[in-house]
Amino acid sequence: MSISERVKKLKPSATIATATKAKEMQAKGIDVINFGVGEPDFPTPEYIKSAAKKAIDENYTHYTATAGMLELRNAICEKFKKDNNLEYKPKNIMVSSGAKNCIMNILLAICNYKDEVLLPIPYWVSYLSQIIMADAIPKLVKPEKSNFKISAKNIEKNISPKVKAIIINSPNNPTGIVYSRKELEKIAKLAVRYDLIVISDEIYERLIYDKTEHISIASLPEMKNRTIVINGVSKAYAMTGWRLGYAAGPKEIINSALKIQGHSTSCANSITQRAVITALLEEDDSVEKMRREFEKRRNFLIEKLNSISNIKCAVPKGAFYAMPDISYYLKQNKKGVKTSVDLCDFLLENYHIALVAGSAFGIEGFVRFSYANSMKNIKEGVKRFEKGLKDLL
Ligand SMILES: Cc1ncc(COP(=O)(O)O)c(C=O)c1O
């Protein structure tokens with residue numbers, strides 16, 4: 001039996017590996033604090049759950065249009081108008097089984113064998129694998145040391161005739177950075193100059209702090225026709241298990257991606273689609289409440305991390321992640337801890353906190369904390385982190 005070359009190129013997801021290890025320890029009765037989580041720790045809001053129950057009772061239990069129910073696509077168009085000042089028609093929308101599924105469909109629809117896709121470091125783990133699965137080549141773009149953002153200069157260095165697209169993720173996983181209008185304008189100019197397709201993953205749009213403004217790059221001049229906006233309900237509405245994401249973009253690309261979807265998943269879950277119509281059109285204050293709670297936790301976590309000697313952590317403006325710089329401890333310890341993976345293993349085994357190594361996101365010298373965890377756990381977890389680092393020296 002032989003396995004495809006494509007699969008051989010894929011690495012198992014480091015975030016899932018951490019979660020599995022942490023769960024195994026928890027199953028043995030060890031009190032592990034898990035900072036590896038990539039999903040809100042809140043339940044889905046009641047008004048959305050009620051809509052799903054009603055959808056079952058009303059027999060919305062069959063295949064839908066491949067692109068998603070028209071009523072849902074209309075609701076998504078309204079959302080884009082209201083939040084992003086973007087005018088789309090239902091024919092510009094594809095509803096899929098999660099934003100992850102949208103991105104895969106889009107990459108399969110636009111990439112030819114050995115096309116290149118610019119991928120800013122640090123990157124969300126699945127982009128890299130999805131580009132490879134689409135038989136394309138990830139071309140990694142280095143960030144600025146000061147702020148994790150990619151400069152126009154670094155993008156330009158990586159441009160070649162083979163580059164087809166660039167992935168932008170703001171607010172960002174794993175760093176929490178949010179690109180400003182000015183920064184996006186610079187990227188947009190390059191996209192126009194070099195005729196790039198932009199895949200703009202905006203799934204953390206609603207989790208944004210300090211009154212920072214979220215700008216969709218698609219709303220900048222000359223960008224709507226070359227941008228695919230990716231969004232979804234997993235993070236904003238705490239609906240990770242319901243599996244629904246959506247893409248908006250030029251009709252030709254959406255139609256091509258729908259050909260892939262039609263022959264792979266057929267459509268997103270019909271009950272979820274009904275519930276998401278309600279989530280978008282009848283939103284109550286639950287999303288804002290979750291956002292405020294995340295902001296409180298972020299403030300606490302960042303202050304504590306920055307109070308640890310030789311730890312620096314940039315203040316994330318969005319999502320629910322923080323990436324402290326731990327490089328001092330990799331150089332300065334007697335325990336043979338040399339890489340971010342070594343440090344995560346050391347902290348998990350001895351101090352029972354699960355973090356994700358920066359190298360999983362293409363960057364060494366950092367670890368990722370997710371603060372999708374209770375205040376109580378965050379307080380205790382940072383104490384353990386500090387103690388672990390001290391004991392390393
Ligand atoms: C940047 C980013 N995009 C997409 C996703 C996937 O979202 P979904 O649950 O809608 O597939 C995640 C989930 O962790 C993410 O962090």
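All figures in this text were calculated on a predicted structure; none of them were measured in a lab. Just follow the structure's listing: the first ligand is 1, and inside any ligand the first atom is 1.
Taking the ring centroids of Tyr204 and Phe320, they lie under the 6.0 Å cut-off. Ring to ring, Phe369 and Phe385 are close: their centroids are under 6.0 angstrom apart. Between Tyr237 and Phe42, the ring centre distance reaches or exceeds 6.0 Å. Taking the six-membered ring where the residue is Trp, the centroids of Phe148 and Phe361 are separated by 6.0 Å or more.
Considering both main-chain and side-chain atoms, Thr240 never comes within under 3.5 Å of ligand 1 through any nitrogen or oxygen pair. At least one N or O atom of Lys100 sits closer than 3.5 Å to an N or O atom of ligand 1. Every N/O-N/O distance between Gly98 and ligand 1 stays at or above 3.5 Å. Residue Asp201 has at least one nitrogen or oxygen atom sitting less than 3.5 Å from a nitrogen or oxygen atom of ligand 1, judged on distance alone. Residue-to-ligand polar distances place Arg243 within reach of ligand 1: an N/O pair is separated by less than 3.5 Å.
In terms of protein heavy-atom proximity, atom 13 (C) of ligand 1 is nearest to Lys235 NZ, 2.7 Å. In terms of protein heavy atoms, atom 12 (C) of ligand 1 is closest to Trp124 CZ2, 3.4 Å.
For atom 8 (P) of ligand 1, the nearest non-hydrogen atom from the set Ala99, Gly241, Ser96 belongs to Ala99.
The neighbour count for Glu222 CD, taken as heavy atoms of other residues, nucleotides or ligands under 6.0 Å away, does not exceed 12. The local environment of NZ in Lys142 is sparse, with at most 12 non-hydrogen atoms from other residues, nucleotides or ligands closer than 6.0 Å.
Annotation: the span from Thr66 atom OG1 to Ile260 atom CD1 amounts to 12.5 Å, rounded to 0.5 Å.
Taking a cut-off of under 4.0 Å to the non-hydrogen atoms of Asn169, the atoms of ligand 1 that pass are 1 (C). Here is the list of ligand 1 atoms found below 4.0 Å of a heavy atom in Tyr127: 1 (C).
A heavy-atom separation below 4.0 Å is found between Ser234 and ligand 1.
Classification of the Tyr371-Phe294 ring pair by plane angle, with boundaries at 30° and 60°, yields perpendicular.
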